[in-house]
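Take a look at the structure below.
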Amino acid sequence: MRELPPRLDPRAIEPPLYREWLARGWFHVPASAVLEEGRDPYVIVIPPPNVTAVLHMGHGLNNTIQDVLIRWRRMQGRAAEWLPGTDHAGIATQNVVERQLAQEGRTRDDLGRDPFVERVWEFVRETGGTILEQLKAMGCSCDWERTAFTLDPGLSRAVREVFVRLHEEGLIYRGEYIINWCPRCLTALSNEEVEASETEGRLWRIRYPLAESTWRVAEHAAARGASAIVQLSNGGWALSVSTTRPETMLGDTGVAVHPEDERYRGLIGADVQLPLTGRTIPVVADPFVDPEFGSGMVKVTPAHDPNDFEIAARTGLPPMTVMTPDARMNDAVPEPFRGMDRFEARTAVLAALEREGLFAGSDAHTHAVPRCYRCDTVVEPRLSKQWFVRMGPLAEPALAASRDGTVSFTPERWKKVYEHWLENIRDWCISRQLWWGHRIPVWYCQQCGETIVAREDPTSCPTCGSVALEQDPDVLDTWFSSWLWPFSTFSWPEQTDDLRVFYPGHTLVTAPEILFFWVARMIMSGLHFMGEVPFTQVFLTGTVRDIQGRKMSKSLGNGIDPLEVVERFGADAMRFTVVSACAVGTDIHLDHNDVEGSFAPGRNFANKLWNAGRFTLMSLGEGPIQSLSDLRLALEDRWILSRLQGTAKETTLELERFRLHEAADRLYHFFWGDLADWYVELVKPRLKGEVGETSRQAARATLIAVFDGVLRLLHPIMPFVTEALWRELPWPEGAERPEALIVAPWPTPDRSLCDPAAESRMADFQELVGVVRSLRKEYGIAEGKGIPLALWGDGDLRATVEAQRGALARLARVEEVRWERAGAGTVGAHAVLKGGGMEVFLPLDGVIDVGRERARLQEEIARKEGHLGAGQKRLANEQFVTRARPDVVEKERERAAGLAEELAKLREKLALLEGWG
RNA sequence: GGUCGCUUAGCUCAGUCGGUAGAGCACCACGCUCACAUCGUGGGGGUCGCUGGUUCGAGUCCAGCAGCGACCACCA
């Protein structure tokens, strides 16, 4: 038997095992495994991390979960395909490279488009994919032969096909609308890419003077209580409007009131002098205006506000863009404001209005300011010509798939969130003014103006034959390639075996943050292009947070590097820790200031596994292992084998329900609590041959069987330490041995090994040992000192204790067991076993503190009397007896009877003490 | 503003069908008995956020309130 070191050294075992699994091709699943071997596929596609990303704990959690599921299904015999890859991450990656350039004092424009894109490619080739290497250190068993990248030729082809097809179907259109514009990234954003942040701002009130011709009407209206109409110091009349963004007033082309607002009815059509600009704008009527809010009068800036754009479209107001792409005031505004940043302009506009006596104060106002999800810059609504996907027709089937249960969510509450989003779906702005990404497959003929949308790059205009074609300069939203991931990675639109076999997939594991960005859209595209949902189960993980509940992030410096954890404590320790911490629907909290403490549970358990394995291997001794079925098994053998069956059943059930932490918990307690603490302790003498050869053989065979079983069950969560130990296990003669644990069959409970009687008797024995130990501690009897034990109970328990007499002596230091009632004159501590009806009596003459024991007894009697009283009251209650479930009533009766019996014994004991003291 | 979720031991969280509240960590005491001190044994610690309701009985079901959080949102 090989000597194992007393401490698990993950660094010594993990990398070689991973290399071997990889080399043996166990992660790779060819389509033939399904088509020829008839195996049932199980497919997970990885949420592709950004190609430039480095691993953080969120990935650690997410990918551990995926690997647990994949390894478990693989052991179940499924063709378990886990497809890895990365996302080109348009804005994020371009930003990274632009920052690099900035350090060299250059911009992307200095380089020009093609050289810039080449530079990004270089960067991606150099550093991209680091994260995938890091996943390997975590033990992720991805099918690396299929590693995909959203800019790969195949995936790019899928993107283009989808664009063209949607365009043909009329689901893609180009138009001039208000979109979310990031003035720093200089690109349009989708609604999902904008994050609202609650901000304490101000609501400024400003005045727009009315043309003199309307003063009389205005005065009249003011007298009738039109609060928005005020008189200026020069005697003229003005409208009062409110705004959170005063700088946009330079782009106002109207003022709107509700058509049925009696207060302002006379003013509809009136001319208003727009301050600072010398322009005259009209008052229009539009039902969007809420008469109840503020003064019931709204300034209209069609080119810089989505609502105003709508109002303008309905009322015919012209849009007027007053900002440059980087959010400075453009040449459309009066000279003094030109070139000012929008926030600078805000101050300047307010100051200018004040000078003209048109500033009317401000109020504190909390509102949601939209920010770019990539750079946090305040997003500017901007009128712009962009490409959009018409989402309504795509959303409908995706909604139905959730409603009819074709797709299910874990935790279930996300279903509602998903459906709510789809019910209120808005069109998707997919064009980005970036260079890094899939170029939009659209060309404009410079000759005749024709727009060409094509699968292949056109060389000439199909309408006029001109060769002067210019491709649309924009690229597509990164998510426009990610949403095709479940089929584009399997060669779609080409109809291959891979596609047929691995689509649709099964489980998607991801963070809730990208439910709309990615999950919902994948379901939409899957249904639309493949006719089937891409997966049927969506498992949304929690968020990894620090001890203060803050999200882990680079900028906060509160992150934990999973690789550091792997390096220090091993992948198994990290995996077990996160799995056991990831209760469904809850976030996981880790302390970045105490990485060791945070991962101690996993590390300790991995080490426990190692040591128990080490002990087992060392104490099995030489000689063949006999078959279990040929041996006469002891009580503890039957007990642990039975417990293993229950554990296998429960573990499987929990995994099926995505309750990974429960699975981890069951295995932890079975391994540590049952196997290591009890079984191993119980069989030590037997393994040494102290109880005879037959007994030794039974213990060896049982130990091997249980170890084999529990290592299999633990393998998905802790693949390395389990595989390392499993390889050292001797194998029963004649039994077929799988090639490796990673490909060993998943245990299914063997009913013939289930033994409730053994479980029950062991439970009594364990309790007896616990009671004796506890009493020893309580009375301060030295650990090493043996004690006599008197007990009485029924025949079954007696048999148990007799069978375990030796173990009792070792585990509880019991010197002698007497089956007789303690006579008068003997005093001791005692305990009553709850279920078993067995009483323990430790004669403790000379040790016991009689006063203390008496008090304790009295206390216990009082407590039990209380319980009994409550129980009897319940039983006396006619409603309870007639209405409660029969088994509950029966249980209550038994409990009461038991209590009464215990009480009688306690009183007897107390009487004994009285006599002695 | 709307929707959803959470509130149980010092901390992080379980708690299935309503029937005498659990785990891990932390803490205290004892123990280096040859698998493991990353360990073992024992122990202390909870008015289950508050109020009311349903029920024979509520951590669990219902209503209201408070606090926290998430998501959604075009009231300037």
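Residue numbers start from 1 in every chain, and the chains themselves are labelled A, B, ... in the order their sequence lines are given, proteins ahead of strands.
In this structure, A:Asn611 does not reach the B:U38 phosphate: none of its side-chain N or O atoms is under 4.0 Å from OP1 or OP2. Contact annotation: A:His365 side-chain N/O to B:A76 OP1/OP2 distance is under 4.0 Å. Contact between the side-chain N/O atoms of A:Trp672 and the OP1/OP2 oxygens of B:G40 is found at a separation under 4.0 Å. Taking only side-chain nitrogens and oxygens, A:His661 never comes nearer than 4.0 Å to OP1 or OP2 of B:C13.
A cation-pi arrangement, defined by a distance under 6.0 Å to the six-membered ring centre and an angle within 45 degrees of its axis, is absent between A:Arg346 and A:Trp204. Cation-pi geometry between A:Lys684 and A:Tyr679 is not met: the NZ or CZ atom fails to fall both under 6.0 Å from the ring centre and inside 45° of the normal.
With distances taken from any side-chain atom of A:Val680 to the nucleotides B:A76, B:U38, B:A35, the minimum falls on B:A35. The listed nucleotides are B:G40, B:G24, B:C75; the one nearest the side chain of A:His669 is B:G24. Of the candidate nucleotides B:C72, B:C36, B:A23, B:C36 has the atom lying nearest to any side-chain atom of A:Lys608. The A:Arg614 side chain lies nearest to B:C36 when the options are B:G24, B:A73, B:C36. Here the side chain of A:Arg426 is nearest to one of B:C36, B:A73, B:C4, namely B:A73. The side chain of A:Arg413 approaches B:G5 more closely than any other nucleotide in the set B:G5, B:C36, B:C72. Among the nucleotides B:C72, B:U38, B:G15, the one closest to any side-chain atom of A:His420 is B:C72.
Contact annotation: side chain of A:Glu681 to base of B:A35, donor-acceptor pair present below 3.5 Å. Put simply, the side chain of A:Lys416 and the base of B:C4 share no donor and acceptor less than 3.5 Å apart.
For B:A29, the paired nucleotide is B:U41, the pair qualifying as Watson-Crick or G-U wobble because both relevant distances are below 3.5 Å. Base pairing of B:C6: its partner is B:G67, meeting the Watson-Crick or G-U wobble criterion (both donor-acceptor distances under 3.5 Å). Nucleotide B:G1 has B:C72 as its partner under the Watson-Crick or G-U criteria, with both atom distances under 3.5 Å.
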Taking only nitrogen or oxygen atoms into account, show me every contact under 3.5 Å that the protein makes with nucleotides 41-43 of chain B, one pair per line with its distance.
residue	atom	partner	partner atom	Å
B:U41	O2	A:Lys777	NZ	2.7

Might you list the N or O atoms of the protein lying below 3.5 Å from N or O atoms in nucleotides 20-22 of chain B, with each pair's distance?
residue	atom	partner	partner atom	Å
B:U20	OP2	A:Arg895	NH2	3.1
B:U20	O2	A:His867	ND1	3.4
B:U20	O2	A:His867	NE2	2.4
B:U20	N3	A:His867	ND1	3.1

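Ring-plane geometry between A:Tyr668 and A:Phe576 is classed as parallel, the angle between the planes falling under 30 degrees on a 0 to 90 degree scale with a further cut at 60. Using the six-membered ring where Trp is involved, A:Trp678 and A:Phe765 have ring planes that are perpendicular, over 60° apart on the 30 and 60° scheme.
When the C1' atom is used for both B:C27 and B:A63, the distance is 40 Å, rounded to whole Å.
Note on A:Arg521 versus A:Glu192: salt bridge recorded, some NZ/NE/NH1/NH2 to OD/OE distance being below 4.0 Å.
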